[in-house]
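Below is one structure, written out as structure tokens; comments come after it.
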Amino acid sequence: MVKKNPPNLELLLSIFFFFLCSWISLAMAQNKTIPVNVGVVLDDLNSRNGKIWLSCIKMALSDFYASHATYKTRLALNTRDSKQNVVGAAKAAVDLIKNAEVQAILGPVTSMQAGFLINLGDQVHVPIISFSATSPSLNSLRSSYFFQFAQNDSSQVKALSAIVKAFGWRQVVPVYIDNEFGEGVIPILTDALEEVDACVPYRSAISPSATDVQILEELYKLMTMQTRVFIVHMRTDLSSRLFAKAREIGMMTEGYVWLTTNGIPNELRYLNSSVISSMQGVLGIQTYVPQTVKLEEFMPRWKRQFQQDNPTIIDASLDVFGLWAYDSAFALAMAIEEVGTATFGFQKTNASFNSAVLESFEVSKYGPELCQALSITRFEGIAGDFSLVDGQLQSSNFEIVNINGAGARGIGFWTPQNGLVKILGSSANSSIFSTPKSKLGLGPIIWPGDSLSVPKGWENPTNGKKLRIGVPVKDGFTELVKVTKDPSTNMTDVTGFSIDVFKAAVEMLPYALPYEFIPFAKSDGTSAGTYNDLIYQIYLGNFDAVVGDTTIRGNRSLYADFTMPYTESGVVMVVPVIDMRNQNAWVFLKPLTWDLWLTTCCFFFFIGFVVWVLEHRINEDFRGTPSHQVGTSVWFSFSTMVFSHRERVVSNLARFVMVIWVFVMLILTQSYTASLASLLTVQQLQPTVSDIKDVLRNGDNVGYAENTHIYELLKLVGFDDSKIKMFRSFEECDELLSKGSANGGISAAVDETPSMKLFLAKYCTKYTMIGPIFKAAGFGFAFPKGSPLIPDLSRAVLNVTEGEVIMNIEKKWFSVEKNCVDNSSPKVASYSLGLASFWGLFLIAGVASILALIICVASFLHKHRHILMHPDDSRASGWRRIRAMFKMFNEKEHSSRMFKSPQERDGIAGAGDEVNAAVSPNNNWPESPRSYISNHTDFAEQATPSTGQVSPEIVSAVDHEHAITIARTC
């Protein structure tokens, strides 16, 4: 009997065989890859560079697929040789697209070749990927099928301009190859230099096929210029010849500055020692490649592989273009895998081509998808971070190298974030004012000629010619510039304030500056034109500079640049002065204003009245007839003005008032005396006119110096030509001002501040200076636009004007006569003293006087209140009582010390001394209280026998009875 297998075992075997077949099928499917044709166009496949770059591309694909074995696509390289020309590159590309049906092209090498291939790629939708074409002009084609996997040359112009700015060079001459590669970066470089205030006076374009003789001719032309800073932008084949010839004629010596773009330092390792020796002292921009672990592992591996494939090439080394070639192939492989596993190919299209040759071309089906995949590709490449923006590799940092000895030596870096730095990761210097040029974010530099000092960037032309400096020629104002010619020797001597300032500034320069003064004159020695004409000669090239009393103006700056001004700025006006001292008979009233005079007079009467009220009852000096009392009071008050009063003041209240009033009069009289003395003795000078508008409004004439810009300013103000008169010298200006406008002269002379200072130094007693009436920048020295001398001379001018040098020069030329006074700020007439300055004193005196009156009246009313309030005498009306009070107020106060005898003042009175006094029969006034006592024996009998004094009770009673009698009489 046959034994059968269990059902479970059969099931397990079936499942096992199913998975085995599936795994075998999957393995077979994985081994099936999709080849994708890719073209490679290089200049010379048999050259060192061609072999190096091709080996990098192959090694990139090998590394990529070794690490991504499961990927379905495989790039199949189809290489073509461009024969180092545009036609060969075009032919190779057409063959690759038409016959090999490549989906992308790596290359070409040069920017000129890439320009044609970009158009071809646009037509057939085939991406063109260049790892060595760096011209910025390629971006202007705006092709979505062109990818620049190399740093654009425009990314390094910022680094170059930063170096120029750091060392303060003002002029730079670019020396570049005359083709698309060279011309593409020049506009961008020029703009970057202008941003740092450096101009490009000349562009030196050298043909790629230039002979050594043509190169020498161009270098000799550069030697005749002042500029000594050159930026070289060309490939190493042409630059090697350029530097060799520059060294041959002495242009690699001290004073010269040579900067290069990254095309030369990047390929420096391929140059022989003789070429490098001719480049000693050159500064270069080199693409910085970070030393990563990936790169360190790749370099020896590539070298072994390259040596195996090319045993005849010894000591091969990689440059940055080889690294970019590796990353380009790596990125392309990633993008093609990203597109998918569909079959790549071409298809017919209805699109119209620009060329008949392209009519038979088919369009790549997956070109747009491949471009999109390339645009978003990101990875860490061996040359650094790989990322694209608008189809262009993002710029990274640059290393600044100094070529010395057998190679290049790193001295610093430039980063987009921090600019020039000595070490990556550090920040740029924040204080450029305290940092020497040699420390501006860079290491030590050895310049051409083995010099350690920073070149100033310009020199006098090598032909040894001196600077031709034009100077103005004029008849007047020779203190500023004076040109004299010796007839016997025919030598010209130029002197003056402006000339001395220029000479002092030149002496402060850190280098010698040979020059010669050339008068701007005709053959007969007279001036050849205006100052504007003189400045224009710089623009025409007839003069290298202009030195003199040349004003810095906007219209002149169109044709020349100026140094910092060395004089005060502004246009001023000189006018005659008159003495405003009062010479009339009433000048003594001038010190005080009318309101102060009136207030003082009122207070004299008021103080006299107050003193009379306080003193007339107790002081014999203030008694008498009414006219006598009024005269005495007024006299007393006015006499306090000169402190000549003789009347005594016995009341404490009056003394209090007089103390304050005498203090007021002391201040008032002293102020009056000082003001009157100033009016009579101090010279009070005032200008005849204080504003240029007044001259215009009055229709007066105005003068200006010959050949100056003042005429234009006066016309702008509104003066008619008939009202504007020209003067040629100080003497003529004085004559016109002395005549005045009414007599055919002028009312004012207008000119720059230094010129008018010179005029006032000679005629200081007659005129004064008003203004500035117009703004002006002052006098400056003029040079050609962009001249490198301007920054140095401007600093020298500042040093001159900030120290004692300018003071000594001014003393020499602006010396003032001994009898001169400073009329630049004319003394105006003194103002009269007004009430506003003294109202506080009058307020104190008034308040004190009123307070004393109140106290005196209140005391009197309180003492005699029984007169007003006594109820016994009904016959006395209220009005009679008030009249009685006034009459009593006019009476003497016999209890006052003033009316007592010497014995009474001492407290010892004679018997019946005052009691026996009789009333005069001619006296119409009522009896005094004491007289009343003497006529009434009943009161007299109450006197104390022992002392003879009247008791206070009796006196009070008598006063009461006397007041009743007065009231009844009234």
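All figures in this text were calculated on a predicted structure; none of them were measured in a lab.
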In terms of heavy-atom contacts, Val282 and Asn402 come closest through O-ND2, 3.2 Å
In sequence, state the C-alpha distance, the side-chain angles, and the governing distance for Asp792 and Arg795, and then conclude on salt bridge (charged side-chain N to carboxylate O under 4.0 Å, His left out).
CA-CA 5 Å; Asp792 293 339; Arg795 283 188 290 269; 2.5 Å; yes
Between Ser155 and Asn152, is there a side-chain donor-acceptor contact under 3.5 Å, judged purely by atom types and distance?
no
Thr484 side chain near Lys482 side chain, heavy-atom distance below 4.5 Å:
yes
Ring-face cation contact, Phe181 with Arg235, 6.0 Å cut, 45° max
yes
Supply the atom-to-atom distance Ile285 CD1 to Gln151 CD, rounded to the nearest 0.5 angstrom.
11.0 Å
Closest heavy-atom pair and its distance - Ala560, Ile535
CB-CG2, 3.9 Å
CG (Asp450) with more than 12 external heavy atoms under 6.0 Å
no
Looking only at non-hydrogen atoms, find the nearest pair between Gly263 and Thr236 and report the distance.
O-CG2, 4.0 Å
How close do Gln171 and Val229 get, counting heavy atoms only, and between which atoms?
O-CB, 3.6 Å
Take Phe783 and Phe562 through the ring pair (Phe, Tyr, Trp, His ring centres under 6.0 Å) test and state the conclusion after the steps.
CA-CA 6 Å; Phe783 287 86; Phe562 291 85; 9.4 Å; no
Can a side-chain donor-acceptor contact be found between Ser111 and Glu180 if the only test is distance below 3.5 angstrom?
no
Side chains of Asp178 and Ser207: donor-acceptor distance under 3.5 Å anywhere?
no
Thr530 and Asn532 side chains, donor-acceptor separation under 3.5 Å:
no
With sequence neighbours left out, the residues meeting side-chain contact (heavy atoms from CB on, under 4.5 Å) with Arg247 are Met252, Ser277, Ser278
Ser204 and Glu218: side chain to side chain donor-acceptor pair (under 3.5 Å), yes or no, with the steps?
CA-CA 7 Å; Ser204 176; Glu218 188 64 24; 2.8 Å; yes
N/O donor-acceptor pair under 3.5 Å between Lys785 side chain and Ser557 backbone:
yes
Does the side chain of Lys812 reach to within under 4.5 Å of the side chain of Asn808, using non-hydrogen atoms?
no
Any idea which heavy atoms bring Ile188 and Pro136 closest together, and the distance?
CD1-CB, 3.5 Å
Modelled atom types, side-chain donor and acceptor of Thr551 and Glu752, under 3.5 Å
yes
Do Leu259 and Val232 come close enough that some side-chain heavy atom pair is under 4.5 Å?
no
With rounding to the nearest 0.5 Å, note down the distance linking CD in Gln226 to CZ in Arg170.
15.0 Å
Within 6.0 angstrom of Lys522 NZ, more than 12 heavy atoms from elsewhere:
no
Hey, what do you get for CE (Met726) to CD (Glu706), rounding to the nearest 0.5 Å?
4.5 Å
Would you say Thr261 and Tyr176 are linked by a side-chain donor-acceptor pair, where the criterion is simply a distance under 3.5 Å?
no
Neighbour count above 12 (heavy atom, 6.0 Å) for Met564 CE:
no
Given Val800, Val501, Asp500, the one that forms side chain to side chain contact (heavy atoms under 4.5 Å, CB included) with Val805:
Val800
Between the CD atom in Glu194 and the OG atom in Ser161, the distance rounded to the nearest 0.5 Å is 11.5 Å
Should the heavy atoms of other residues, nucleotides or ligands under 6.0 Å from OH of Tyr539 be counted, would the total exceed 12?
no
Parallel, tilted or perpendicular, as decided by the 30° and 60° cut-offs, for the rings of Trp414 and Phe398
tilted
With heavy-atom distances below 4.5 Å as the criterion, would you say the side chains of Val257 and Leu283 are in contact?
no
For the rings on Tyr704 and Phe727, is their centre-to-centre separation under 6.0 Å?
no
If the plane angle is over 60° it's perpendicular, under 30° parallel, otherwise tilted; pick one for Phe243 and Trp258.
perpendicular
Here the gap from Thr478 atom OG1 to Leu480 atom CG, rounded to the nearest 0.5 Å, amounts to 8.5 Å
Give the intermediate values and the outcome of side chain to side chain donor-acceptor pair (under 3.5 Å) for residues Asn262 and Gln286.
CA-CA 5 Å; Asn262 61 356; Gln286 181 174 284; over 6 Å; no
Least distance between heavy atoms, Trp169 atom then Lys456 atom:
CD1-O, 3.5 Å
Is there a side-chain contact between Val750 and Ile773, using heavy atoms and a 4.5 Å cut-off?
yes
Val702 side chain reached by Phe719 side chain, heavy atoms, under 4.5 Å:
yes
What's the spacing between Glu479 CD and Lys757 NZ if we round to 0.5 Å?
14.5 Å
What I'd like to find out is whether the side chain of Asp544 reaches to under 4.5 Å of the side chain of Ile538, using heavy atoms alone.
no
Mind checking whether Phe781 and Tyr566 have ring centres under 6.0 Å apart?
yes
Tyr515 atom OH: more than 12 heavy-atom contacts under 6.0 Å
yes
Could you verify whether a donor N or O on one side chain and an acceptor N or O on the other, from Thr753 and Glu568, lie under 3.5 Å apart?
no
Report, as yes or no, whether the 6.0 Å neighbourhood of atom NZ on Lys158 holds more than 12 heavy atoms from other residues, nucleotides or ligands.
no
For a side chain to side chain contact (heavy atoms under 4.5 Å, CB included) check, start with the C-alpha distance between Arg203 and Ile186, then their side-chain angles and the critical distance, and finish with the verdict.
CA-CA 9 Å; Arg203 298 180 181 183; Ile186 295 304; 3.6 Å; yes
Is any side-chain heavy atom of Asp721 less than 4.5 Å from a side-chain heavy atom of Lys715?
yes
Can you confirm whether the side chains of Tyr531 and Asp549 place a donor and an acceptor under 3.5 Å from each other?
yes
